[in-house]
Amino acid sequence: MTPPHRGSGGAAQGRPPPTVDRRLLAANPLTAASTLLGALLVRTGLGDQPETIVGRIVEVEAYGGQEDRASHARMGPTARNAPMFGPPGHAYVYLVYGMHTCLNVVAGPEASASAVLIRAVEPLEGMAAMRHARALSRTPGQHVPDARVAAGPGLVGAAFGIGRDLNGVDLCRAGSTLRLARDDIACSPFDVLQGPRIGIAYAGEPAVSLPWRLGIAGSPSLSKPFPRPGDIP
DNA sequence: CTAATGATGTCCT
DNA sequence: GGACATCATTAGA
């Protein structure tokens with residue numbers, strides 16, 4: 001019954017946690033996604049709020065390059081997806097539905113144009129700053145519980161104050177205002193949920209059926225439940 | 001509880 | 001002009 005998240009000590013306090021090794025992200029996107037699951041997302045340098053925001057990545061989706069009909073890279077390089085064709089470990093930030101920003105971590109070898117979408121984060125530190133950032137981005141959620149403040153791709157963007165200005169930022173560099181960190185101390189082992197990606201019905205088969213959405217079992221911060229093995233056809 | 005809907009801006013045809 | 005890797009709110013069973 002012990003939750004797999006938030007282990008013993010508050011490891012996120014004190015010295016800044018170590019960055020994520022860029023080479024671990026240079027593998028195929030599904031492997032990179034698996035690496036990012038359980039890692040920390042760290043936000044600093046919010047103008048008005050001195051607080052640092054730290055959360056644990058609990059849900060991700062892998063996207064391939066041109067061969068993946070669900071990927072933004074499917075049309076080849078464009079102005080929007082340019083960061084996907086760059087080196088791994090950098091941010092690809094884009095606007096969906098005219099109002100929400102989503103964060104991707106570029107993956108794979110350079111120019112492979114694959115990426116990992118950060119779909120949900122479990123808050124660890126900086127609750128007040130997260131809610132403040134959400135209010136600024138007109139995503140009120142005044143009554144949502146702490147665990148659900150970043151429980152969706154658009155909500156991750158809102159709660160971490162991620163705007164297009166962060167497009168292309170190096171998430172593996174310690175000095176970046178948005179960065180990834182390892183969580184070797186506080187992160188207990190967890191079970192990985194797997195399912196089809198969300199919101200890509202337009203892509204058709206085989207893309208719609210690939211189980212490239214990964215989540216941490218038991219986390220209260222998943223964007224939505226994963227289909228169970230014996231679920232509706 | 002599920003389903004429908006409006007908000008909103010940018011990219012690509 | 002159409003479609004979109006979404007969210008909050010409202011309407012309905």
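Every heavy atom of this structure was used, including side-chain atoms; hydrogens, water molecules and symmetry mates were not. First the proteins, then the strands, lettered A, B, ... as listed; each starts at 1.
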For this session: Please confirm whether the backbone N or O of A:Ala62 pairs with a side-chain atom of A:Arg197, one donor and one acceptor, at under 3.5 Å?
Result: yes
Exercise. Base, sugar-phosphate alone, or nothing: which one does A:Ala203 contact when heavy atoms must sit under 4.0 Å apart?
Worked result: nothing
For this session: State which residues pass salt bridge (charged side-chain N to carboxylate O under 4.0 Å, His left out) with A:Arg213; sequence neighbours excluded, sorted by chain then number.
Result: A:Glu59
For this session: Taking the side chain as every heavy atom from C-beta outward, state whether A:Leu178 and A:Leu171 have any atom pair closer than 4.5 Å.
Result: yes
Exercise. Between the main-chain N or O of A:Cys172 and the side-chain N or O of A:Ser176, is there a donor-acceptor pair closer than 3.5 Å?
Worked result: no
Problem set entry | Nucleotide range of DNA chain B lying under 4.0 Å from chain A heavy atoms | B:dA7 to B:dT13
Seminar exercise, completed: Sorted by number, residues from residues 77-87 of chain A placing a heavy atom under 4.0 Å from DNA chain C are none
For this session: Without swapping roles, check the side chain of A:Arg74 against the backbone of A:Ser71 for a donor-acceptor pair under 3.5 Å.
Result: yes
Exercise. Side-chain heavy atoms under 4.5 angstrom apart, residues restricted to Ile, Leu, Val, Met, Phe, Trp, Tyr: same cluster for A:Leu30 and A:Val116?
Worked result: yes
Problem set entry | Check: A:Leu180 and A:Leu41 side chains under 4.5 Å, non-hydrogen atoms | yes
For this session: Identify, residue by residue, the members of residues 128-159 of chain A with a heavy atom below 4.0 Å from DNA chain C, and return them in order of residue number, or none.
Result: A:Arg134, A:Thr139, A:Gly152, A:Pro153, A:Gly154, A:Leu155
Problem set entry | Sugar-phosphate only, base, or nothing, as touched by A:Leu117 at under 4.0 Å among non-hydrogen atoms | base
Exercise. Could you write out DNA chain C as a dot-bracket string, with dots for unpaired bases, | for bases paired across to another strand, and Watson-Crick or G-U pairs counted at under 3.5 Å?
Worked result: ||||.|||||||.
Problem set entry | A:Leu193 reachable from A:Phe190 in the ILVMFWY side-chain graph, under 4.5 Å edges | yes
Exercise. Heavy atoms, side chains only, cut-off 4.5 Å: are A:Ile200 and A:Tyr63 in contact?
Worked result: yes
Exercise. First and last nucleotide of DNA chain C touching chain A, 5' to 3', heavy-atom cut-off 4.0 Å?
Worked result: C:dC4 to C:dA8
For this session: Apply salt bridge (Lys or Arg N to Asp or Glu O under 4.0 Å) to A:Asp21 and A:Arg182, showing your working.
Result: CA-CA 9 Å; A:Asp21 189 331; A:Arg182 294 197 358 220; over 6 Å; no
Problem set entry | Any A:Arg134 side-chain heavy atom under 4.5 Å of A:Leu155 side chain | yes
Problem set entry | Side chain proximity check, A:Val60 to A:Val105, heavy atoms < 4.5 angstrom | no
Exercise. Taking C-beta and beyond as the side chain, do A:Leu36 and A:Leu25 meet within less than 4.5 Å on heavy atoms?
Worked result: yes
Problem set entry | pair A:Asn167-A:Tyr92: side-chain heavy atoms closer than 4.5 Å | yes
Exercise. Side chains of A:Asp68 and A:Pro29: does their closest heavy-atom pair fall under 4.5 Å?
Worked result: no
For this session: Using a heavy-atom cut-off of under 4.0 Å over every strand shown, decide if A:Arg119 touches base, sugar-phosphate, or nothing.
Result: sugar-phosphate
Seminar exercise, completed: Assign each of A:Arg164 and A:Met99 the nucleotide of DNA chain B bearing its closest heavy atom; nearer the 5' end lies the nucleotide of A:Met99
